Protein chains: 2
Amino acid sequence: MEDGERIKYTNQRVEILNFLQNNYSHPTVEDVYEGVRKKLTRISKATVYQNLKFLASKGLIQEVNIKGVSRFEPNINPHHHIICKNCGAIVDFESKELTEFSLQLIKNMKEFDIESTNTNFFGICNKCIK
Amino acid sequence: MEDGERIKYTNQRVEILNFLQNNYSHPTVEDVYEGVRKKLTRISKATVYQNLKFLASKGLIQEVNIKGVSRFEPNINPHHHIICKNCGAIVDFESKELTEFSLQLIKNMKEFDIESTNTNFFGICNKCIK
DNA sequence: TCTACAATTAATATTAAATATCAATTGATA
DNA sequence: TATCAATTGATATTTAATATTAATTGTAGA
């Protein structure tokens with residue numbers, strides 16, 4: 001598919017998007033595969049990989065790598081993440097203020113042409129404390 | 001080795017620390033292995049893995065995962081990273097201001113007990129622009 | 001409608017990073 | 001010096017991700 005062309009919404013892509021829609025648990029490829037398989041029982045894991053990459057490259061979803069594994073989310077706006085060091089739970093943290101503050105701070109960096117920024121917070125979630 | 005016990009500085013550990021000392025290029029395990037092998041020709045990659053993990057757990061070095069691969073650095077202070085989306089180059093960005101601003105912003109988060117934060121900046125480095 | 005073509009899918013193979021296992025070695029201490 | 005736990009190094013295994021490719025799909029043009 002050439003760049004700029006209209007996106008082909010195959011069944012597989014629609015189901016993957018459906019699965020991610022309103023799913024803010026930051027599922028891994030495996031998670032998405034298991035989820036989508038309930039509807040499209042014959043889908044291949046390779047297809048899930050390919051399409052998650054594809055949809056992310058088109059900006060329809062976002063890929064985020066946490067501790068070495070890729071995760072995907074429907075929230076395509078710039079935002080930040082809070083990660084539980086114990087159970088690995090990931091929660092979005094929306095803060096335009098932080099994004100702007102960061103970009104403001106870095107704007108004199110001559111060695112790089114900065115395009116984006118995001119902040120990770122690490123800690124222990126309530127479930128793991130108790 | 002029990003927690004709190006004194007750290008055993010084996011030859012392997014010393015060489016790994018030596019290699020990382022003043023090395024701000026954020027080497028991967030493979031890089032460290034290749035580097036250390038020049039001195040300790042018989043060292044095993046497993047040993048490098050084990051000791052990098054070990055040294056990081058003791059706070060003597062820092063592990064940072066970028067795009068799915070672990071990298072290690074001697075800079076153990078909280079700091080941030082600038083990453084070239086093209087060549088993968090990683091540069092440290094020191095900013096207590098940013099760290100504190102971030103922690104300030106998150107301090108009302110009830111669902112997590114936040115311990116640390118770090119910000120990644122993504123862009124294109126000078127080498128890759130030209 | 002039929003044909004041709006390009007994109008997509010699915011199955012499988014391959015790669016690469018990381019972890020696990022475990023016998024041999026080391027080194028400190030009783 | 002003997003003992004014992006930690007460490008090392010070799011190898012096996014696991015896991016995430018990518019690569020390959022034949023079959024399928026779907027669309028556009030004849």
Side-chain angles (χ1 to χ4, degrees), chain A residues 1-19 26-58 60-73 83 85 88 90, chain B residues 1-19 26-58 60-73 83 85 88 90:
Chain A
M1 179 197 194
E2 275 183 46
D3 208 48
E5 239 174 282
R6 148 171 188 294
I7 291 168
K8 221 171 264 180
Y9 286 97
T10 63
N11 289 340
Q12 291 87 341
R13 284 175 188 170
V14 170
E15 284 307 327
I16 289 169
L17 283 171
N18 261 343
F19 179 80
H26 303 79
T28 62
V29 173
E30 188 67 33
D31 297 333
V32 175
Y33 175 61
E34 289 305 333
V36 169
R37 223 142 68 100
K38 287 173 186 157
K39 285 279 186 71
L40 290 180
T41 52
R42 305 192 53 75
I43 198 172
S44 156
K45 199 183 283 187
T47 301
V48 177
Y49 266 100
Q50 286 159 10
N51 281 323
L52 285 170
K53 284 279 176 198
F54 172 81
L55 295 167
S57 79
K58 295 297 171 187
L60 297 178
I61 60 177
Q62 196 165 350
E63 176 172 8
V64 44
N65 190 294
I66 312 246
K67 282 184 60 133
V69 295
S70 281
R71 294 168 173 277
F72 295 86
E73 55 178 340
I83 301 152
K85 288 165 104 169
I90 303 160
Chain B
M1 180 198 193
E2 277 182 43
D3 207 47
E5 240 175 282
R6 148 171 188 293
I7 291 168
K8 222 172 262 178
Y9 286 97
T10 62
N11 289 341
Q12 290 85 344
R13 285 176 188 168
V14 170
E15 284 307 328
I16 289 169
L17 284 171
N18 261 344
F19 179 79
H26 303 80
T28 63
V29 173
E30 188 67 33
D31 298 333
V32 176
Y33 174 61
E34 289 306 333
V36 168
R37 222 142 69 100
K38 287 174 187 157
K39 283 279 186 72
L40 290 180
T41 52
R42 304 193 54 74
I43 197 170
S44 157
K45 200 182 282 187
T47 301
V48 177
Y49 266 101
Q50 286 158 12
N51 281 323
L52 285 170
K53 284 280 177 196
F54 172 81
L55 295 167
S57 79
K58 295 299 173 187
L60 297 178
I61 59 177
Q62 195 163 350
E63 177 172 6
V64 44
N65 191 293
I66 311 245
K67 283 184 59 137
V69 296
S70 282
R71 293 170 173 275
F72 296 85
E73 55 178 340
I83 301 152
K85 289 166 102 170
I90 302 161

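Atoms considered below: every heavy atom in the structure, side chains included; atoms not considered: hydrogens, waters and symmetry mates. All values reported here derive from a predicted model rather than from experimental measurement.
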Asks: Does A:Tyr49 have any side chain to side chain contact (heavy atoms under 4.5 Å, CB included) partners at least two apart in sequence or in another chain, and if so, which?
Replies: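 A:Tyr49 satisfies side chain to side chain contact (heavy atoms under 4.5 Å, CB included) with A:Val29, A:Lys45 only.
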Asks: For the residue pair A:Tyr33 and A:Ser44, what are the closest heavy atoms and their distance?
Replies: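 Distance-wise, the nearest heavy atoms are CE1-C, 3.9 Å.
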Asks: Has A:Asn51 got a side-chain N or O lying under 4.0 Å from the OP1 or OP2 atom of C:dT8?
Replies: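 A:Asn51 to C:dT8 OP1/OP2: no side-chain N or O under 4.0 Å.
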Asks: Closest approach to the side chain of A:Tyr49, judged atom by atom: which nucleotide of C:dA7, D:dA10, D:dA17 is it?
Replies: D:dA17
Asks: Tell me: CD1 of A:Ile7 to P of D:dT27, nearest whole Å?
Replies: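 The answer, rounded to whole Å, is 15 Å.
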Asks: Which heavy atom of B:Gly35 sits nearest a heavy atom of B:Phe19, and at what distance?
Replies: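 The pair with the smallest heavy-atom distance is CA-CE1, 3.5 Å.
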Asks: Distance check: side-chain N/O of B:Thr10 vs OP1/OP2 of D:dT8, anything under 4.0 Å?
Replies: yes
Asks: Can you give the dot-bracket line for DNA chain C, using ( ) for pairs inside the strand, [ ] for pairs that cross earlier ones, | for pairs with another strand and . for unpaired bases, where Watson-Crick and G-U count if both distances are under 3.5 Å?
Replies: ||||||||||||||||||||||||||||||
Asks: May I have the distance from A:Arg37 (atom CZ) to C:dA10 (atom P), rounded to whole angstrom?
Replies: 12 Å
Asks: Answer yes or no: does a side-chain N or O of A:Lys53 lie under 4.0 Å from OP1 or OP2 of D:dT18?
Replies: yes
Asks: Rounded to the nearest Å, what distance is computed from the CD1 atom of residue B:Ile43 to the P atom of nucleotide D:dA10?
Replies: 10 Å
Asks: To the nearest angstrom, how far is A:Glu63 atom CD from D:dA16 atom C1'?
Replies: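 After rounding, the gap between these two atoms is 12 Å.
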Asks: NZ of A:Lys58 versus C1' of C:dA7: gap in Å, rounded?
Replies: 12 Å
Asks: In terms of the nearest nucleotide of DNA chain C, which residue is placed more toward the 5' end: B:Gln50 or B:Arg71?
Replies: B:Arg71
Asks: To the nearest Å, give me how far apart NZ (A:Lys8) and P (C:dC5) are.
Replies: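 After rounding, the reported distance stands at 15 Å.
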Asks: Grab the OH-P distance between B:Tyr33 and D:dT8 for me, whole Å please.
Replies: 14 Å
Asks: If you define the side chain from C-beta out and look only at heavy atoms, does anything of A:Arg71 sit under 4.5 Å from A:Ile90?
Replies: yes
Asks: If you check the A:Val69 side chain, which of C:dT8, C:dA10, D:dA16 turns out closest?
Replies: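 Closest nucleotide to the A:Val69 side chain: D:dA16.
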Asks: From the set D:dA17, D:dT11, D:dT8, return the single nucleotide nearest to any side-chain atom of B:Arg13.
Replies: D:dT8
Asks: Are A:Ser44 and C:dT9 close enough that a side-chain N or O sits under 4.0 Å from OP1 or OP2?
Replies: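 Answer is no, no contact under 4.0 Å.
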Asks: Touch check for A:Thr28, heavy atoms < 4.0 angstrom, all strands: base, sugar-phosphate only, or nothing?
Replies: nothing
Asks: Does OP1 or OP2 of C:dA10 have a side-chain N or O of A:Gln12 closer than 4.0 Å?
Replies: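 Looking at the OP1 and OP2 atoms of C:dA10, one of them is under 4.0 Å from a side-chain N or O of A:Gln12.
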Asks: Can you name the nearest heavy-atom pair linking B:Glu73 to B:Val64, along with the distance?
Replies: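 Of all heavy-atom pairs spanning B:Glu73 and B:Val64, the closest is OE2-CG1, 3.9 Å.
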Asks: Would you call A:Asp31 and A:Phe72 a side-chain contact if the rule is heavy atoms closer than 4.5 Å?
Replies: no
Asks: Out of A:Asn18, A:Thr47, A:Asn51, which residue meets the side-chain hydrogen bond (donor to acceptor under 3.5 Å, both in side chains) rule with A:Arg13?
Replies: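 Filter result, single survivor: A:Asn51.
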Asks: Would you say a side-chain N or O of A:Arg42 is under 4.0 Å from OP1 or OP2 of C:dA11?
Replies: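 True: A:Arg42 side-chain N/O within range (under 4.0 Å) of C:dA11 OP1/OP2.
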Asks: In whole angstroms, how far is the P atom of C:dT19 from the CG atom of B:Asn65?
Replies: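 So the CG-P distance, B:Asn65 to C:dT19, works out to 10 Å.
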Asks: Using heavy atoms to find the nearest nucleotide of DNA chain C for B:Ser70 and B:Asn11 separately, return the residue whose nucleotide is more 5′.
Replies: B:Ser70
Asks: Can you tell me how far OG1 of A:Thr10 sits from CG of A:Leu40, rounded to the nearest 0.5 angstrom?
Replies: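 Rounded to the nearest 0.5 Å, the CG-OG1 separation comes to 9.0 Å.
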